[in-house]
Structure formats: C-alpha cells, structure tokens
Amino acid sequence: MTDMTTDTPIATTPQVPKKRIKWNVVTDHAVLILGSLFMLLPVVLAFTTASHDAVTIHREGLQLKMGDQLGTNFRLAMFEKGGFTETVDGMKMLTNSFILGIGFAVGKIIIGMMAAYAIVYFRLKFATFAFWIIFTTLLLPLEVRILPSYEVIQGLGLTNTYTGLIVPLIASATATFFFRQYFRSVPEELVEASRIDGAGPVKFFVDILVPLSRTMIAAMFIIMFVYGWNQYLWPTLITTEEGFFTLVRGIKQIVISYTDAAIPEHGQALALAFVAIVPPVLVVIFFQNWFVKGLTESDK
C-alpha cells in the first residue's frame with residue numbers, strides 16, 4: 001500500500017509582491033497640494049470676509065466663517081451707483097475690464113501675427129536684426145516708458161478713452177516671438193504649393209496661416225487677456241473719469257476714505273475683487289487644452 005502523501009504535490013500560495021511607496025511621488029503631490037492651498041487661502045478669505053458687514057470687518061478684520069451679508073455686498077458692489085460722481089457701478093467697471101482685456105488681446109495678436117509674417121516670409125535684408133530689435137522691447141516694461149507714453153496719449157487727446165487705454169499696451173514682442181516660432185515650423189512645401197496655386201501674400205496669410213494658427217491664437221489670447229485684465233498702473237494713469245474705470249482700477253474707489261464716522265466698505269470691495277478674479281480663471285479653465293496645445297505645437 002503506497003503512501004499517497006508522498007506523491008501528491010503540495011499547493012503553495014503565490015507571493016504577491018508588496019507595493020513600494022514611491023516617496024518622490026508623495027513628496028511631489030504634497031508640495032503641489034500645499035502650494036495650491038497657500039494660493040487659494042487669500043481667495044477663500046476674500047470670499048468669506050465679503051459676507052460680513054463693514055462694521056464687523058473694520059472691528060475684527062478678516063473672517064474665516066461665513067456671514068449673512070454676502071448677497072447684499074455683491075448686489076451693492078455690482079449694481080449700486082457709487083464713486084465721487086455717483087454714476088458708476090460694478091457692472092460698468094466689469095464692462096470696461098472686458099473691453100480692455102479683449103481689445104488688448106486682439107490687438108496684440110493682430111500686430112504680432114503681421115510682424116512675425118513679415119519677418120519669416122518676406123525676403124527682408126535685415127529681418128533677423130529687425131526681430132531682435134523688436135525682441136529687446138521686452139526689456140522695456142511699461143513702467144520704464146510710462147511717462148513718454150502718457151505724454152503722447154495726452155498730446156493726442158486720448159486720455160479717458162478706450163483707445164488710450166488699449167493702444168499703448170499692444171506694442172511688445174511677446175506675441176511676435178511666439179508667432180515667429182510657429183510660422184517657422186510650417187512646412188516649406190505648403191508655401192510652395194500655395195504659390196503654384198496662385199495665392200498671393202495676403203491670401204496665403206488669411207486662408208492658410210491664420211487657420212493653421214488657431215491653437216496658437218487661442219494660447220496667445222489667454223495670456224494677453226489675463227495680462228490686460230489685470231492692468232492697474234496704466235488705467236490708473238490714463239483714466240480720471242469714473243466712467244472708464246476698470247474693475248482692478250475701481251476697487252479702491254469703493255473703500256471710502258475716513259471722513260467723520262464713516263467706515264470703509266471693505267465687504268463690497270472684497271466682493272468686487274472676487275468678481276475681478278472670476279473671468280480670467282474661467283478663461284484659463286475652459287481653454288486650457290487649447291493653451292497647452294498651442295504652446296507645444298510652436299516647438300515642432
């Protein structure tokens with residue numbers, strides 16, 4: 001009689017390898033989370049503080065808990081006429097901010113595309129030298145040339161106008177640089193094919209380059225819109241009439257100065273500041289795919 005125990009194989013449970021903790025991934029995520037919380041904290045404080053009345057904010061400072069005046073402060077900030085002339089409200093300033101942001105972005109894109117088109121495709125003798133001359137304007141920010149710019153605008157009678165707000169800001173090399181890099185990535189065969197088909201410079205630019213540059217245009221629009229929306233120094237200098245105040249420019253007007261027993265309306269000012277944050281954030285969120293695609297395609 002044979003012993004079956006010696007012939008029957010013993011079943012063994014396979015060993016599942018233990019997952020190792022990737023500490024570098026944990027560290028990266030921890031830094032990103034802490035950085036996000038650090039950046040969001042002022043926004044949260046502005047929102048919660050805007051829900052309190054002026055007396056509470058003036059007496060106790062910033063508030064972490066929600067109050068009961070949020071709707072009132074937003075309504076007064078956006079729809080109640082105020083300022084020294086009692087003729088401007090938050091909606092008017094919001095409209096002015098959109099005009100400045102969109103006009104600034106569109107102007108930058110048009111001028112940048114035309115300059116880059118001339119530098120890349122026209123047989124100019126000093127095209128590279130001209131590009132670097134344009135590029136050096138990045139070293140001259142608005143603060144450096146603000147006085148001569150103001151003198152020119154004032155001499156032309158463009159103070160307190162949308163033209164005076166927008167035109168001096170659109171002359172820089174940022175868009176020109178990115179569009180030049182993108183145009184240089186366009187295959188030369190496409191240029192030759194358009195010439196064979198009889199397309200002139202204008203037709204080639206409008207019918208071929210502009211459609212091909214949609215993602216780059218979207219990326220530039222996001223960058224320039226946010227930059228123009230957040231402008232403070234130039235609108236402060238060039239606009240003295242409250243009807244042309246932007247949101248960023250006009251927030252301070254809500255916080256009235258100390259006169260007699262008056263208390264600054266910090267709640268309304270913070271409500272308006274929160275409104276000023278929302279449009280750029282929404283633009284970046286909804287068009288982030290175009291933004292990333294446009295910048296990465298410029299390197300191909």
Side-chain angles (χ1 to χ4, degrees), residues 99-146 148-149 152-153 163 165-231 233-234 280 283-284 286-300:
I99 293 174
L100 175 59
I102 295 174
F104 175 79
V106 172
K108 280 257 190 182
I109 289 171
I110 292 174
I111 291 181
M113 289 190 71
M114 294 177 66
Y117 179 58
I119 291 172
V120 173
Y121 290 103
F122 289 0
R123 304 302 181 186
L124 302 176
K125 188 176 182 180
F126 300 103
T128 304
F129 177 74
F131 167 73
W132 287 112
I133 291 295
I134 297 173
F135 189 77
T136 54
T137 60
L138 291 175
L139 305 177
L140 299 174
L142 178 64
E143 291 78 8
V144 175
R145 50 187 172 87
I146 193 167
S149 298
V152 171
I153 295 299
T163 304
L165 268 175
I166 296 171
V167 171
L169 297 176
I170 64 177
S172 77
T174 309
T176 304
F177 172 77
F178 281 102
F179 280 115
R180 173 181 177 268
Q181 296 301 109
Y182 183 80
F183 290 164
R184 292 180 66 182
S185 68
V186 175
E188 188 66 26
E189 293 79 4
L190 186 62
V191 181
E192 296 297 332
S194 65
R195 289 174 181 170
I196 294 174
D197 290 340
V202 176
K203 186 175 180 59
F204 174 71
F205 178 76
V206 174
D207 293 344
I208 297 178
L209 277 186
V210 172
L212 285 175
S213 307
R214 286 194 303 267
T215 54
M216 177 56 67
I217 291 173
M220 286 295 99
F221 181 85
I222 294 171
I223 295 173
M224 300 308 170
F225 175 81
V226 174
Y227 182 77
W229 180 277
N230 292 327
Q231 282 295 314
L233 180 59
W234 181 251
V283 168
V284 173
F286 286 114
F287 297 101
Q288 60 178 333
N289 291 333
W290 285 52
F291 175 74
V292 174
K293 188 177 181 181
L295 293 183
T296 53
E297 282 186 353
S298 65
D299 297 331
K300 295 180 180 179

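Here the structure is a predicted model, which means the values were calculated and not measured. All residue numbers refer to positions in the sequence shown, counting from 1. Excluded from the calculations below are hydrogen atoms, water molecules and symmetry mates; all remaining heavy atoms, backbone and side chain alike, are included.
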> Checking side-chain contact (heavy atoms from CB on, under 4.5 Å) for the pair L209/M113: CA distance, chi angles, key distance, verdict?
Replying inline: CA-CA 9 Å; L209 277 186; M113 289 190 71; 5.5 Å; no
> Does anything in residues 207-217 pair up under salt bridge (charged side-chain N to carboxylate O under 4.0 Å, His left out), and if so which pairs, sequence neighbours excluded?
Replying inline: K203-D207
> Which class fits the ring pair F179 and F183: parallel under 30°, tilted 30 to 60°, perpendicular over 60°?
Replying inline: tilted
> To the nearest 0.5 Å, how far apart are CG in L190 and CG in L212?
Replying inline: 6.0 Å
>> Looking at every non-hydrogen atom in both residues, tell me the closest pair between V206 and P211 and how far apart they are.
In response: O-CD, 3.3 Å
> Just wondering, more than 12 heavy atoms not from F129 lying within 6.0 Å of its CZ?
Replying inline: no
> Do you know which two heavy atoms are closest between S185 and Y182, and how far apart they sit?
Replying inline: OG-O, 2.5 Å
>> Please verify the inter-ring angle class for F204 with Y121; under 30° counts as parallel, over 60° as perpendicular, anything in between as tilted.
In response: perpendicular
>> Just so I know, are the side chains of I153 and V167 near enough to count as touching, which here means a heavy-atom distance under 4.5 Å?
In response: no
> Hey, is CZ on F205 packed in by over 12 heavy atoms from elsewhere, all under 6.0 Å?
Replying inline: yes
> Under the side-chain contact (heavy atoms from CB on, under 4.5 Å) criterion, do V186 and V120 qualify, and how do the steps go?
Replying inline: CA-CA 10 Å; V186 175; V120 173; over 6 Å; no
> Would you call I119 and I134 a side-chain contact if the rule is heavy atoms closer than 4.5 Å?
Replying inline: yes
>> To check you understand the geometry: which heavy-atom pair defines the closest contact between P168 and W234, and what is its length?
In response: CG-CZ2, 3.4 Å
>> Distance to the ring centre below 6.0 angstrom and angle to the axis at most 45 degrees; does that hold for R180 and F131?
In response: yes
> Looking only at heavy atoms, what is the nearest atom pair of K108 and A175, with distance?
Replying inline: O-CB, 3.6 Å
> How long is the gap from CG on D197 to CD on E192, to the nearest 0.5 Å?
Replying inline: 11.5 Å
>> Determine whether I166 and I99 satisfy the following criterion, side-chain contact (heavy atoms from CB on, under 4.5 Å), listing intermediate values before the conclusion.
In response: CA-CA 9 Å; I166 296 171; I99 293 174; 4.3 Å; yes
> Can you name the nearest heavy-atom pair linking I217 to V210, along with the distance?
Replying inline: CD1-O, 4.0 Å
> Would F104 and Y227 count as a close aromatic pair, with their ring centres under 6.0 Å?
Replying inline: yes
>> Using 0.5 Å steps for rounding, measure from the CD1 atom of I109 to the CD1 atom of I223.
In response: 9.5 Å
> Measuring from I208:CD1 to S213:OG, what's the distance to the nearest 0.5 Å?
Replying inline: 11.0 Å
>> I need the L100 CG to L165 CG distance, nearest 0.5 Å.
In response: 5.5 Å
> Which heavy-atom pair separates A105 from M224 by the least distance, and what is that distance?
Replying inline: CA-CB, 3.6 Å
